[in-house]
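Below, read A as the first sequence line, B as the second, and so on, with proteins coming before strands; counting in each chain starts at 1.
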Protein chains: 2
Amino acid sequence: MAAAVITRLVRMVRWEPGASARLRAAAMDLYVSRGFDGTTAADIAQAAGLTERTFFRHFADKREVLFDGQNLMQQAFLDGVAAAPREASALELVASGLSAVATFFPDERRDYSRRRQTIIAENPALQERELLKLAVLATAVAAALRARGIPEPTATLAAQSGVTVFGVTFGVWIAESSERSFDDIQRDMLQELVAMTAGVPS
Amino acid sequence: MAAAVITRLVRMVRWEPGASARLRAAAMDLYVSRGFDGTTAADIAQAAGLTERTFFRHFADKREVLFDGQNLMQQAFLDGVAAAPREASALELVASGLSAVATFFPDERRDYSRRRQTIIAENPALQERELLKLAVLATAVAAALRARGIPEPTATLAAQSGVTVFGVTFGVWIAESSERSFDDIQRDMLQELVAMTAGVPS
């Protein structure tokens with residue numbers, strides 16, 4: 001009994017259950033109300049009822065609160081590429097990756113994504129970080145396509161096109177009037193890309 | 001005669017002939033030898049035999065030495081879009097813009113572009129700036145396409161694809177072994193994009 005209590009206490013000290021989610025929620029509220037620049041890691045920790053040390057156990061800095069999801073999203077994209085059938089073309093590999101990414105954006109996430117985008121749109125440094133993360137994503141996808149036997153420059157063109165489709169989809173998905181699912185919009189955008197490039201320029 | 005001498009003196013004080021080119025050359029040498037972070041605007045001005053004030057008449061900051069060409073390049077892209085025939089498709093408008101951009105990269109510029117790319121590749125902040133400039137370019141091209149009657153999302157997809165083709169072309173063009181002209185490579189890359197998207201994914 002005493003051992004169980006001690007174990008529980010140790011766990012409470014070492015690991016705050018749901019700390020990451022609480023920190024993220026507190027951060028988003030503060031970024032909206034005070035602005036990103038006007039918020040410190042200490043403010044976020046305090047608002048979440050946690051210590052600054054706990055904040056830094058979960059996030060490298062206050063920017064990472066907004067961007068840590070992108071690493072998981074990138075892994076989903078790469079897993080989707082890996083799951084495509086053996087004979088898949090470059091575009092089919094990318095489409096498979098995009099389908100996997102769509103599972104990251106269920107309708108319940110739309111409000112969070114909108115708020116996040118508003119915060120980023122107001123801060124040029126965050127915009128640059130977002131662009132860099134997307135460039136890293138495109139580079140990782142191109143490497144995955146090469147590993148599946150797609151030669152350059154096709155691998156890079158296909159990977160960049162996939163990130164373009166993702167970006168345009170995201171913009172439509174968070175638009176106020178949008179009610180369609182991420183996956184539905186993304187399939188349409190991929191078809192639009194295909195239709196757009198169908199006419200070979202003279 | 002005295003008036004002519006005074007006019008010349010005034011001109012020398014107010015306007016250093018070739019100052020911009022001298023500052024750029026001095027900056028590139030210093031960025032390579034000392035690194036971008038280890039170079040100040042004062043260092044560049046001194047190496048060019050000019051005052052710091054002259055530097056700031058030509059460039060907003062030391063980063064702009066590397067990026068001011070992109071504004072001209074963007075204007076060339078937009079002029080190319082505007083010059084396309086009335087009935088041009090989205091992809092043809094983009095192809096026309098890309099052809100205009102190619103005139104900015106004659107073979108004589110290849111060495112400069114290589115050195116510039118080496119400097120940028122070593123500095124994450126410069127990479128982010130480069131990505132931001134390309135994102136601004138894509139946004140401007142999409143607006144130009146909409147002005148030519150191309151609807152969304154086609155306009156953004158086509159504009160982003162154009163920037164992708166430009167980026168991949170640039171990478172091939174500055175590769176050590178490359179001997180082909182920018183325009184030749186770019187036409188091939190556009191065809192590769194068309195071929196890559198030809199297979200509609202299942």
Side-chain angles (χ1 to χ4, degrees), chain A residues 84-85 88-99 124-136 138 142 145 150-169 171-172 175 185 187-202, chain B residues 84-85 88-99 124-136 138 142 145 150-169 171-172 175 185 187-202:
Chain A
S89 70
L91 191 61
E92 286 166 339
L93 289 165
V94 165
S96 181
L98 289 171
S99 284
L126 294 177
Q127 285 169 45
E128 295 193 1
R129 178 90 158 217
E130 174 104 316
L131 291 167
L132 189 64
K133 289 263 182 179
L134 289 174
V136 167
L145 296 182
I150 306 296
E152 286 296 352
T154 307
T156 294
L157 287 168
Q160 297 270 10
S161 297
V163 173
T164 293
V165 166
F166 165 75
V168 173
T169 299
V172 172
I185 298 167
R187 283 167 192 276
D188 279 1
M189 293 304 124
L190 198 56
Q191 293 302 323
E192 288 284 345
L193 178 77
V194 169
M196 187 272 293
T197 51
V200 180
S202 51
Chain B
S89 68
L91 192 61
E92 286 166 341
L93 289 165
V94 165
S96 181
L98 289 171
S99 284
L126 294 176
Q127 285 169 46
E128 294 193 1
R129 178 92 158 217
E130 175 103 315
L131 291 167
L132 188 65
K133 289 264 182 176
L134 290 174
V136 168
L145 296 182
I150 306 295
E152 287 295 354
T154 307
T156 294
L157 287 168
Q160 296 270 11
S161 297
V163 173
T164 293
V165 166
F166 166 76
V168 174
T169 299
V172 172
I185 299 167
R187 284 166 191 276
D188 279 1
M189 293 304 124
L190 198 56
Q191 293 301 322
E192 288 283 347
L193 178 77
V194 169
M196 187 272 293
T197 51
V200 180
S202 51

Asker: Run through V165(B), L193(B), V163(B), T164(B) and flag the one making a side chain to side chain contact (heavy atoms under 4.5 Å, CB included) with Q160(A).
Answerer: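 Between Q160(A) and the candidates, side chain to side chain contact (heavy atoms under 4.5 Å, CB included) is satisfied uniquely by T164(B).
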Asker: What part of A158(B) gets closer than 4.5 Å to chain A, counting heavy atoms only: side chain, backbone, both or neither?
Answerer: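 Both backbone and side chain.
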Asker: Could you give the distance from NZ (K133(B)) to CG (L131(A)), rounded to the nearest 0.5 Å?
Answerer: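 Taking NZ in K133(B) and CG in L131(A), the distance rounds to 13.5 Å.
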Asker: Mind listing the closest non-hydrogen atom pair of E128(B) and R129(A) along with its distance?
Answerer: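 Scanning both residues, the minimum pair turns out to be OE1-N, 4.1 Å.
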Asker: Locate the shortest heavy-atom distance separating E192(B) from L157(A); write the atom from each residue and the value.
Answerer: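 That would be CB-CD1, 3.5 Å.
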Asker: Roughly how far, to the nearest 0.5 Å, is CG of L132(B) from CD of E130(A)?
Answerer: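 Reported value, rounded in 0.5 Å steps: 12.0 Å.
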Asker: Examine whether an atom of A90(A) lies under 4.5 Å from a heavy atom of chain B, and if so say whether it belongs to the side chain, the backbone or both; otherwise answer neither.
Answerer: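 The side chain, not the backbone.
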Asker: Considering the options V194(B), I150(B), T154(B), which one meets the side chain to side chain contact (heavy atoms under 4.5 Å, CB included) requirement together with M196(A)?
Answerer: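 Of the listed options, the one satisfying the test is T154(B).
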